[in-house]
Number of protein chains: 2
Amino acid sequence: MGLVVQKYGGSSVADAEGIKRVAKRVVDAKKNGNQVVVVVSAMGDTTDELIDLAEQVSPIPAGREFDMLLTAGERISMALLAMAIKNLGHEAQSFTGSQAGVITDSVHNKARIIDVTPGRIRTALDEGNIAIVAGFQGVSQDKKDITTLGRGGSDTTAVALAAALDAEVCEIYTDVDGVFTADPRVVKKARKIDWISSEDMLELAASGSKVLLHRCVEYARRYNIPIHVRSSFSGLRGTWVSNEPQGDQQVEHAIISGVAHDISEAKVTVVGVPDKPGEAAAIFRTIANAEVNIDMVVQNVSAASTGLTDISFTLPKSEGRKAIDALERQKGAIGFDSLRYDDQIAKISLVGAGMKTNPGVTAGFFEALSDAGVNIELISTSEIRISVVTRADDVIEAVRAVHTAFGLDSDSDEAVVYGGTGR
Amino acid sequence: MGLVVQKYGGSSVADAEGIKRVAKRVVDAKKNGNQVVVVVSAMGDTTDELIDLAEQVSPIPAGREFDMLLTAGERISMALLAMAIKNLGHEAQSFTGSQAGVITDSVHNKARIIDVTPGRIRTALDEGNIAIVAGFQGVSQDKKDITTLGRGGSDTTAVALAAALDAEVCEIYTDVDGVFTADPRVVKKARKIDWISSEDMLELAASGSKVLLHRCVEYARRYNIPIHVRSSFSGLRGTWVSNEPQGDQQVEHAIISGVAHDISEAKVTVVGVPDKPGEAAAIFRTIANAEVNIDMVVQNVSAASTGLTDISFTLPKSEGRKAIDALERQKGAIGFDSLRYDDQIAKISLVGAGMKTNPGVTAGFFEALSDAGVNIELISTSEIRISVVTRADDVIEAVRAVHTAFGLDSDSDEAVVYGGTGR
């Protein structure tokens, strides 16, 4: 008998009908002879509604109390799911993050899991129950306070439980059919990927693919947990993500896994930086002290005549103000001329382990962009990824051109089955 | 420095404005030099909405999961209240029933408190915090499962915490100004009671007064905790309930504390019961086995000619069907002729410790009803209470007549301040 962890997102349990549909699917997995652990998110817009209430009573919601508030959402969905399963004649028990043994650090609103001790889950399973666990939440090791895991926290809960329980697979149910070679809303001919390596998936997630978050894939890679991303609406086989392919998983040995794009970032250019040791360090220490996360960093060679260089980096638009303010305050100490801020950019990334051994990929990527008339502003590469920054206006054309150039277009004209919630 | 426990009901924290108003009141108590513990209910209709969701996914919500679901409501209100208090510049921490050390038995949906170990609350107070505690919930001693305390559970939480923390007073904030000599919606000239003994309050609660539930008053009497029932809207002094009057509490030495009425009950008459030992026992064992709670029980003397008697009892209308079915099944074994069920009744009760030493009270009560043309169907008395059952249609006239006859009418023509939520 295998052990399966299933995770259902907020859109899958948005209303009573959704919860009943998920209950049927869970019971099917149990009937197939599995022990089943289910991780659920809060219903639909519950979390947003709670955040709205918090903002009405206090402009700066406090960390500890904010977590106490938000965790009410999963409490509702998990209890309802357990009831719906019992109504189908199967035993189910729901557990909070704390009861499930999800132990975290004390950083409220974005806690990190430091241990999982699922003793109560194991007992519930051994007694024949389906175990329902609240995603996104845990309990702090030192203070025993309720914590939340931040964005994508429920996926991480699922993978962490799968690792602690030595599950065969962690199934992530969502409102799309799997991971695609590009965002199907942008590229109509995007293909669903049958299997992708954790390594490539990590790069896609870091490059703007929204299906799985980086943190969850990283956790799965470390503990060697296969993830199966699939639709909670269609029941079709989705995309397997694992360190190595298993069984009948089709490995196409494609050079390129997919094209990702991201329009959530802005670009900051620090102009006229003296080209001497310690300057870059001073800039990025300033940014780090402001607790701003940055993505790409590019430094051009300095003009020999002036001894000055420019340093550019990208960061989430939402953190732009903070970064600019922090740098302005240190302008004298760092010694640069000026700052330029640009939030009309897009990042386009080509990801695939095959590019390690195919030197023509970079050239092909740039040619495809050039043929589409797209200008490149920044370039950054890793061993299995090339990213460029372009004008935001060019992003759709750029992604389509690259997708076609690398032979990723689907032969089929069938419309992609894309969710069931209208999103 | 004193320690005060305050409890706010769902109508006081129905929306963000209500939560902010409660936060100000809590902070005022703190500024007055008190350590403050606040027990909150779920916001407004939250609990009803959750019950509705549960019914949509499963016709028979299961005990454990139902409690897990319902406790989400207090989690939301307590976290929001803590945020609102912090926003006023005071430190606050919220605690679930489990975190607050409210230990219960394992009877889901109507658990009983068996111990309160408020170590974390004490620590939070000693560190200068206002402690916010979720009402209505606890954790079971044996299984560590989340439990709820059933109707009036938040009041009981407040009194139990007040007892465990040795508080000076347990303030129950509600949407009325206190306990009245009769329901002010029925008797316009009802007077607010300044002080009432726990003993009289228990009888009023048992007789249909809704302001405080029997269970909460019973707990307060046992641990000698003074309760102050007051409005969260008006800020006026309300009604003190305690074993003995304290300080400046006006004790009027009135013979009668108040008139209560109850239209939620029905009457069952078991007709033609053989008048021999064991018959009444057989009837009420049948009722008890069906888990039906009964209130008044009256047996008339038997007619000598037949050797048969009638036994009548009252019970909540909602349990009528269950009781009738159980008795019908045992008809042969018990040996009665027939059953009569009547749900068009009202119970009117006169409560006051003074009646112990005033033999004219019973006569005066019956005279007042007779003068008002109200027929009496059943009579039941305790040492400090007389209750009668009448036709439901007569209830308003009966209550007003008795209220006037015992000199309880207010001299003032001022309208009673009655809530702020339109209820």
Side-chain angles (χ1 to χ4, degrees), chain A residues 13 15-23 42-43 46 49-50 52-88 91-96 98-99 120 123 129 132 134 139 143-146, chain B residues 13 15-23 42-43 46 49-50 52-88 91-96 98-99 120 123 129 132 134 139 143-146:
Chain A
V13 292
D15 53 22
E17 283 314 304
I19 286 168
K20 287 195 267 189
R21 190 179 57 241
V22 166
M43 295 171 74
T46 308
E49 287 164 17
L50 292 174
D52 182 53
L53 269 173
E55 285 170 352
Q56 284 181 52
V57 300
S58 171
I60 319 148
R64 179 184 185 280
E65 303 307 323
F66 200 57
D67 282 352
M68 184 69 91
L69 177 72
L70 292 189
T71 51
E74 284 78 27
R75 203 175 184 88
I76 294 170
S77 52
M78 75 186 191
L80 290 172
L81 180 57
M83 290 177 196
I85 290 171
K86 281 167 166 290
N87 194 40
L88 296 176
E91 287 305 312
Q93 289 195 334
S94 67
F95 298 91
T96 64
S98 171
Q99 290 176 337
R120 290 189 69 174
T123 302
N129 291 286
I132 318 291
V139 61
K143 295 187 181 170
K144 309 295 175 216
D145 280 333
I146 305 300
Chain B
V13 293
D15 53 23
E17 283 315 304
I19 287 168
K20 288 195 265 190
R21 189 180 58 240
V22 166
M43 294 171 74
T46 308
E49 286 163 17
L50 293 174
D52 182 53
L53 269 173
E55 286 169 351
Q56 284 181 52
V57 301
S58 171
I60 319 147
R64 180 185 185 277
E65 303 307 323
F66 200 57
D67 282 353
M68 184 68 92
L69 177 73
L70 292 189
T71 52
E74 284 77 28
R75 205 177 183 88
I76 294 170
S77 52
M78 76 186 192
L80 290 171
L81 181 58
M83 291 177 195
I85 290 171
K86 281 167 166 289
N87 194 40
L88 296 175
E91 287 305 314
Q93 288 194 335
S94 66
F95 298 91
T96 64
S98 170
Q99 290 176 336
R120 290 189 69 173
T123 303
N129 291 286
I132 319 291
V139 62
K143 295 187 181 167
K144 309 296 174 216
D145 280 334
I146 304 302

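Chain A is the first sequence line, chain B the second, and so forth, proteins listed ahead of strands; every chain is numbered from 1. Since we're looking at a predicted model, the values are computed, not measured.
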Between A:Gln56 and B:Ala16, what is the shortest heavy-atom contact and its length? OE1-CB, 3.2 Å
Taking all atoms of both residues into account, what is the closest heavy-atom pair of B:Met83 and A:Ala54, and its distance? SD-CB, 3.7 Å
With respect to chain A, which residue among B:Leu70, B:Ile146, B:Leu80 yields the maximal number of heavy-atom pairs within a distance under 4.5 Å? B:Leu80
May I ask you to name which of B:Thr71, B:Ile132, B:Asp67, B:Leu50 has the most heavy-atom pairs under 4.5 Å with chain A? B:Thr71
To the closest 0.5 Å, what do you measure between CE (A:Met78) and CG (B:Leu69)? 9.5 Å
Does a side-chain heavy-atom distance below 4.5 Å link B:Val57 with A:Asn87? no
May I ask you to test the B:Glu65-A:Leu81 pair for a side-chain heavy-atom distance under 4.5 Å? no
List the residues meeting side-chain contact (heavy atoms from CB on, under 4.5 Å) with B:Arg120, not counting sequence neighbours, and say none if there are none. A:Arg64, A:Lys144, A:Asp145, B:Phe95, B:Gln99
So, using salt bridge (charged side-chain N to carboxylate O under 4.0 Å, His left out) as the criterion, who are the partners of A:Glu17 when residues are at least two apart? A:Lys20
Counting only non-hydrogen atoms closer than 4.5 Å, does B:Ala23 touch chain A with its backbone (N, CA, C, O), its side chain (CB onward), both, or neither? neither
Relative to chain B, which segment of A:Ile19 carries a heavy atom at a distance below 4.5 Å: side chain, backbone, both, or neither? side chain
